Amino acid sequence: MATLIAMTLGIGAFPARAAHASAADADASPALVPAPARLQLARGSFTVSAGTPLLAEGEAARAEALRFAALLTRTGTLALKLSSTPASAGAITFALDDALPGQSPERYRLRIDAEGVRLVAADARGLHYGAVTLWQLLTADTSANGAARSLPALVIDDAPRFGWRGLMLDSARHFQGIDEIKSLLDAMALHKLNTFHWHLTDDQGWRIEIRKYPKLTEVGGCRLPAGDGAVDPASGQPRRYCGHYTQEQIREVVAYAAQRHITVVPEIDVPGHATAAIAAYPALGVVDTPLAPTTEWGVFPNLFNVEEATFRFLEDVLAEVVELFPGRYVHVGGDEAIKDQWQASARVQQRMRELGAADEMAMQSQLIRRLEKFLSARDRRLIGWDEILEGGLAPQATVMSWRGIDGGLQAARMGHDVVMAPSSEVYLDYLQTDSPNEPPGRPGAMTLRRVYEFEPVPAALEDAYRPHILGVQANVWTEHMRSYARVEHAVFPRIAAVAETGWSPAARRDYGDFLARLPAQLRRYRALGIGYARTPFEVRFDVRHDAAAGRATVALGNALDYPDIRYTLDGRDPGPQSPAYRQPLALTPPALLKAAVFADGQALAPPSALALEPASTWTRSDETLQSCSNRLVLRLEDDGPAEGERAVYDVDIFDPCWRWKAAPLQGVTRVRVRAGRIPYYFRLAHDEPHRRFAPARSPHGEMDLHTGACDGPRLTSVPLPAAPGADGFVVLDAEFPAQAADADLCIRFTGDTRPRMWVLDQVTLRAPQGR
Ligand code: ACM
């Protein structure tokens, strides 16, 4: 047996690898994500080859060993066979042992020495996590696929920091197929996540079959996409967007998750986010106006009413839900239920008096308490968004803190359990870099670093209450994710950061070390076909134009500061031997610069290209401009075409105005703007008054240009057409006297943003000499 080196790779040892470890020392400290609680390297090694027997002691161990072998096959690592010959030397053995030291039911010990590999756990969960660790050890270098590989001798004693390591997926705004859900569950399991929170109902769709109320999915399961997306151009007929999960499919997902030691927590959102349900059964609503599942995003006023029949309806729904989902928790939402309808309704006010609810918050609290009682009687625990604190928390409720951490802090101090999921730290619908290549979503970068550095246990929380923090969860809201590819872009690699927060001891977490382990994780993603976001790994170009000299200075960087950037100027893709970037490049247009980030000799993303033309100095696209007032900037896509690429625009939906800071205006007499038009598909409840637009002064409004302050005197104005051209765009030319100096340039479209708004795509400055 190899001797253990008396060295524990704790926080002291890992940072030595820093962000820029080479392949050579990857052997010394394996690139495991999440980092294990305790890893001791030893002297010696063990070689795993296709001939290495895989042994399992007992039925549970056999199931885990089989899944492990299947995973190795899936990533093309090695084909291992489960052997029935007992206890041979030189084998990989999976075994259960409930005497394994430790408290956590998820713990495991992985020992590798010259004799073989032995994975022991207290139950099947630990075997699964240990198997993931072993798979990661075997896939640190995917270039050796198919070949025997040497594993360092070591002992890993591992267990998670938190019992709730979650990911929420919104299947209401956009719908994902069963295979996509399974694919996400597979990936969650490989990050040692154990809770899948499934957001199944919302204003835009009801996605879970409820046998007693078939219209929930028949009516509530379909919406119309916004704008032109609502009509089939060939037939002129409505093009409905539909989807729901049958109970059979849900059982299949729950079982699939359970095999991977993931519990599914269903969410039925009450009393708000209820438009789709009320559209299906109008008697559930407060107002008489007929509703349809909404085509828009945002916060809607439609609440369930507070009649006894509605409470019964919700209980009926939960009765079917608890039959489908055997996990302990049922999520009942509670978020963003603005109370305008309850306040305005004489009937709701009368019911509140009957029920003794002093105000609308107390009414919501009564509803939640009632549902909690119903769930408790079925041995389930209620969990809700932090708004369930308002009006008084139900006695046993668990709080999911999303509006920051304060709700979680308050609930923990009241002795309630808490899951931390603050929108400011772990919401994955926010874009992850400032790259123009980020898909639609919410700008304001939720960087990998920001996600990684979130600490779920608030520093202010007293020791006695700390055990109430059950864990951490990342949330994926899908308003802007029309496809599963977009979900994957949002989730990976940021989920690796969340996984480490949920699993690794606080003292083991180190962002620089995490970055050093990440390239190995990306190789695993590639081997698994996971479409992780390339944007954090692309090269970004900071271009400084010197208009007078006709030159540009280009600084190369990377959102994650990986230092090994290679570039070419001859049109070829850069490789690991291409020139290394050291300092800003002085380029004279025309020039084609290509660059990529390398780690361990491999590019982390396809090369980025910068084509510098003489006109580049004078042109900007919307992603490189600023908002004039920064009220609510979104990255939105066009509503067509139905299939294929759509134009994407950065637009402040509360003030459609773009600012080019220090635009090179000296001598300029003309501006050409290419603009598109998109539907305005937002309802923002009490934020609506912030929506601001300059009134149109002509039938279709105009494009106004200003220099200096955006609200200052107008430089010029151009009338807008009734509609864009067949390609979806319009080109607008504005003329004005030659400008004496460079200045900020603001471009604003007048007219109501509803139902459609003009959006800037590109702006070009032009001088009389035709530049
Ligand atoms: C939420 O983001 N509305 C929970």
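Not measured: the values here are computed from a predicted model. We count ligands from 1, going down the list as the structure has it; atoms in each ligand are counted the same way.
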**Student:** Taking only heavy atoms of Glu336, which atoms of ligand 1 are found under 4.0 Å from at least one of them?
**Tutor:** 3 (N)
**Student:** For Tyr680, is the NZ or CZ atom of Arg691 found under 6.0 angstrom from the centre of its six-membered ring and inside 45 degrees of the ring axis?
**Tutor:**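 The answer is yes, since Arg691 meets both limits relative to Tyr680.
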**Student:** May I ask you to check if ligand 1 and Tyr427 share an N or O to N or O distance below 3.5 Å?
**Tutor:**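 Min N/O separation from ligand 1 is below 3.5 Å for Tyr427.
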**Student:** Within 45 degrees of the axis of the six-membered ring of Tyr256 and under 6.0 Å from its centre: does Arg260 put its NZ or CZ there?
**Tutor:**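 Relative to the ring axis of Tyr256, which defines the angle, Arg260 lies inside both limits.
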**Student:** Run the salt-bridge test on Lys339 and Glu360 with the 4.0 Å N-O cut-off and return the result as yes or no.
**Tutor:** no
**Student:** Answer yes or no on whether Arg534 is positioned over the face of Tyr532, meaning its NZ or CZ is under 6.0 Å from the six-membered ring centre and within 45° of the axis.
**Tutor:** yes
**Student:** Looking at Phe374, does the NZ or CZ of Arg378 lie under 6.0 angstrom from its six-membered ring centre and within 45 degrees of the ring axis?
**Tutor:** yes
**Student:** Just jot down the ligand 1 atoms closer than 4.0 angstrom to any heavy atom of Trp477, in number order.
**Tutor:** 1 (C), 2 (O), 4 (C)
**Student:** So is there a nitrogen or oxygen of Trp402 less than 3.5 Å from a nitrogen or oxygen in ligand 1?
**Tutor:** no
**Student:** At what distance is the nearest protein heavy atom to atom 3 (N) of ligand 1, and which residue and atom is it?
**Tutor:**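 Residue, atom and distance for the closest contact: Asp335 OD2, 2.7 Å.
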